[in-house]
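This is a predicted model, so every value here is computed, not measured. One is the number of the first residue; the rest follow in order along the sequence.
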Amino acid sequence: MNRFLINCAWDIMDLGKANGVDNSVARDMFVENLSTYGTDAYPAYPGAEVDYEALSAQWQGMSAQEQGDAKIACANLMQDCYEDLSKARRENDMGAYYRIILNYEAPEQEKPNYILYTHAWDIWDKAEADGTDLVTAQKAYVETLEGWGNLSEAQQADEAAWFALKVAAYDKGLQYARLTGDRALFESILASR
């Protein structure tokens, strides 16, 4: 679990309070500050009193996978520990707040055991390149997919049903991951379904 953003959770909540947004939006605004610090695109969302120069260098040095892991870990913390974190903030008890953070261990997400799970991103690329829908792209993609022919008809049908339900019926989370080129986030969203 990448704890980078978890360690900034108090500051992220400060940013959210200053901008009147919830924790998930505040996290994204904080990340935007980190991603664009030192450029003309830097939005300078107020509220978090941190050393953006140092933090942005660390953030920008991470891979997309590491950044995705950090975002997901922070989102899980804020969801799993919301009541306790909120109580500590209301009482302005940073000690209690940081004890919650230090003791937090998110449960490991088990990745789906589908061949198409590991190829969903590439199938989406194919759909965009071919100008087709995701189900059509998936059917064309598997024609050349190594190992697909080794599956029974029932297994292939199960794979296709999973893909139609979890990928083809996409939501804003998957769209966001695609628009931002965040494959790690895309795969983590799929794993959570």
Mark yes or no for whether N33, through its side chain, and Y45, through its backbone, hold a donor-acceptor pair below 3.5 Å.
-> yes

Carboxylate-amine/guanidinium contact D11 R27, below 4.0 Å = no

Answer yes when E187 and K111 have at least one side-chain N-carboxylate O distance shorter than 4.0 Å, and no when they do not.
-> no

Short side-chain to backbone donor-acceptor contact, Q60 and S35, under 3.5 Å = yes

Expected output: side-chain R3 to main-chain C74 donor-acceptor under 3.5 Å = no

Considering all heavy atoms of both residues, which atom of I101 and which atom of A9 are nearest to each other, and what is their separation?
-> CD1-CB, 4.0 Å

Could you check whether the rings of Y114 and W162 sit parallel, tilted or perpendicular, using 30° and 60° as the cut-offs?
-> parallel

Smallest separation among heavy atoms of A140 and K126, with atom names | CB-CE, 3.6 Å

Identify the heavy atoms of V167 and A120 that sit nearest to each other, and give their distance.
-> CG2-CB, 4.1 Å

R89 side-chain N/O to W10 backbone N/O, donor-acceptor pair under 3.5 Å = yes

For the pair L55 and C8, evaluate side chain to side chain contact (heavy atoms under 4.5 Å, CB included) and give the outcome as yes or no after the intermediate values.
-> CA-CA 10 Å; L55 290 176; C8 300; 4.2 Å; yes

Kindly say whether W148 contributes a backbone atom to a donor-acceptor pair with the side chain of Q156 at under 3.5 angstrom?
-> yes

Indicate yes or no for a side-chain donor-acceptor contact from N23 to the backbone of G16 under 3.5 Å, with no hydrogens or angles considered.
-> no

So, T132 and D130: side-chain donor and acceptor under 3.5 Å apart, yes or no?
-> no

Should the ring pair F30 and Y52 be called parallel, tilted or perpendicular, given that the plane angle runs from 0 to 90° and is split at 30 and 60?
-> tilted

With distance as the sole criterion, is a donor-acceptor pair present between the side chains of D80 and Y104 under 3.5 Å?
-> yes

State the CD1-CD1 distance between I72 and I6, to the nearest 0.5 angstrom.
-> 11.5 Å

Measure across I115 and L145 and return the closest heavy-atom pair with its distance rounded to 0.1 Å.
-> CG2-CD2, 3.5 Å

With a 4.5 Å heavy-atom cut-off, do N19 and P46 have their side chains touching?
-> yes

Do Y82 and Y98 share a hydrophobic cluster (ILVMFWY, side-chain heavy atoms under 4.5 Å, transitive)?
-> no

Other residues, nucleotides, ligands: >12 heavy atoms within 6.0 Å of E53 CD | no

Around atom CD of Q58, are there more than 12 heavy atoms of other residues, nucleotides or ligands at under 6.0 Å?
-> yes

Okay, side chain of S152, backbone of Q155: is any donor-acceptor separation there less than 3.5 Å?
-> yes

What distance separates H119 NE2 from Q138 CD, expressed to the nearest 0.5 Å?
-> 11.5 Å

Does the pair R183/D122 count as a salt bridge with the N-to-O cut at 4.0 Å?
-> yes

Any donor-acceptor N/O pair, D133 side chain to V135 backbone, under 3.5 Å | yes

Looking only at atom types and distance, does a side-chain atom of D158 sit under 3.5 Å from a main-chain N or O of A154, one as donor and one as acceptor?
-> no

Aromatic ring proximity W59/Y37, centre distance under 6.0 Å | no

In terms of hydrophobic clusters joined by side-chain contacts under 4.5 Å, are L102 and Y97 together?
-> no

Evaluate whether atom CG of D51 has more than 12 neighbouring non-hydrogen atoms of other residues, nucleotides or ligands under 6.0 angstrom away.
-> yes

Closest non-hydrogen atom pair, N2 against A73 | O-CB, 3.4 Å

Look only at the side chain of E66 and the backbone of S63, and say whether a donor-acceptor pair between them is shorter than 3.5 Å.
-> yes

Start with the C-alpha gap between D125 and R178, add the side-chain angles, then the distance that decides, and say whether side chain to side chain contact (heavy atoms under 4.5 Å, CB included) holds.
-> CA-CA 9 Å; D125 283 344; R178 287 289 303 178; 2.7 Å; yes

Distance, nearest 0.5 Å, that separates CG of L5 from CG of L77 = 10.5 Å

